[in-house]
Amino acid sequence: MRRCRGDRGEGALDITVMATCFFVPVLLLLIYAGRMNSSHAAVESAARHGARTISIARDPALAVDAAEDDAGLTVRLGSSMCTSMDFDPVVADGQVTVTVTCQVDLSELALLPVPGSTQVHATATEVLDRHREGSVP
């Protein structure tokens, strides 16, 4: 006699279909959120370090180029996390304000061909160091 097996043994197929339809998009969303968070953190760090570099320099005007180079290394300029960078330092009234803006390529963030790009920016302010060597009070 032949036995009717019904749906027996199809649980593995159900789990595979559920994983493909649900878990893979959730995983890609987590990767995207993590990489965007990493971009934001790098830009904030670049702004803080740039402002600090300029604020402790003997001549803040001469330190701008070094601070911009450091910011470019911090945000990995040229990578998908920062395809282009704007560095805007303002030295006035005993303080330094640095704004760093990066263009982030979205197509490489989620490992999927997502079109477009977005801007990530951060601003940091530091007080000029009055006790640096050679400064006039």
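Numbers here simply count residues along the sequence, with the first being 1.
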* **Co-membership, hydrophobic cluster, residues V26 and F23, 4.5 Å side-chain** => yes
* CG of D86 to NE2 of H121: how many Å apart, nearest 0.5 Å? -> 11.5 Å
* Structure fact -> Distance col, row D93:CG vs L128:CG, nearest 0.5 angstrom, shows 10.0 Å
* Closest non-hydrogen atom pair between V75 and A42, with its separation -> CG1-O, 3.6 Å
* Structure fact -> Minimal heavy-atom distance between A122 and A47, with the atoms involved, is O-CB, 3.8 Å
* Asked: Looking only at heavy atoms, which two atoms of T20 and V24 are closest? And how far apart?
  -> O-CB, 3.8 Å
* **Test salt bridge (charged side-chain N to carboxylate O under 4.0 Å, His left out) applied to R48 - qualifying residues, sequence neighbours left out** => none
* Asked: Under a 4.5 Å cut-off applied to non-hydrogen side-chain atoms, are D70 and H49 in contact?
  -> no
* Decide yes or no for P89 and V98: does some side-chain heavy atom of the first lie under 4.5 Å from some side-chain heavy atom of the second? => yes
* Full working for side chain to side chain contact (heavy atoms under 4.5 Å, CB included) between I54 and E126 -> CA-CA 9 Å; I54 294 170; E126 288 281 337; over 6 Å; no
* Between A67 and G50, what is the shortest heavy-atom contact and its length? -> CB-O, 3.7 Å
* Let me see the working for M81 and S38 under side chain to side chain contact (heavy atoms under 4.5 Å, CB included), right down to the final yes or no. => CA-CA 8 Å; M81 288 177 45; S38 177; 3.5 Å; yes
* Asked: When rounded to the nearest 0.5 angstrom, what distance separates OG1 in T83 from CG in L77?
  -> 8.0 Å
* Structure fact -> Taken to the nearest 0.5 Å, the spacing of Q119 CD from C82 SG works out to 10.0 Å
* Which atom names give the shortest non-hydrogen contact between S45 and T74, and what distance separates them? -> OG-CG2, 3.8 Å
* Without hydrogens or angle criteria, can the side chains of S117 and Q103 be said to hold a donor-acceptor pair below 3.5 Å? -> yes
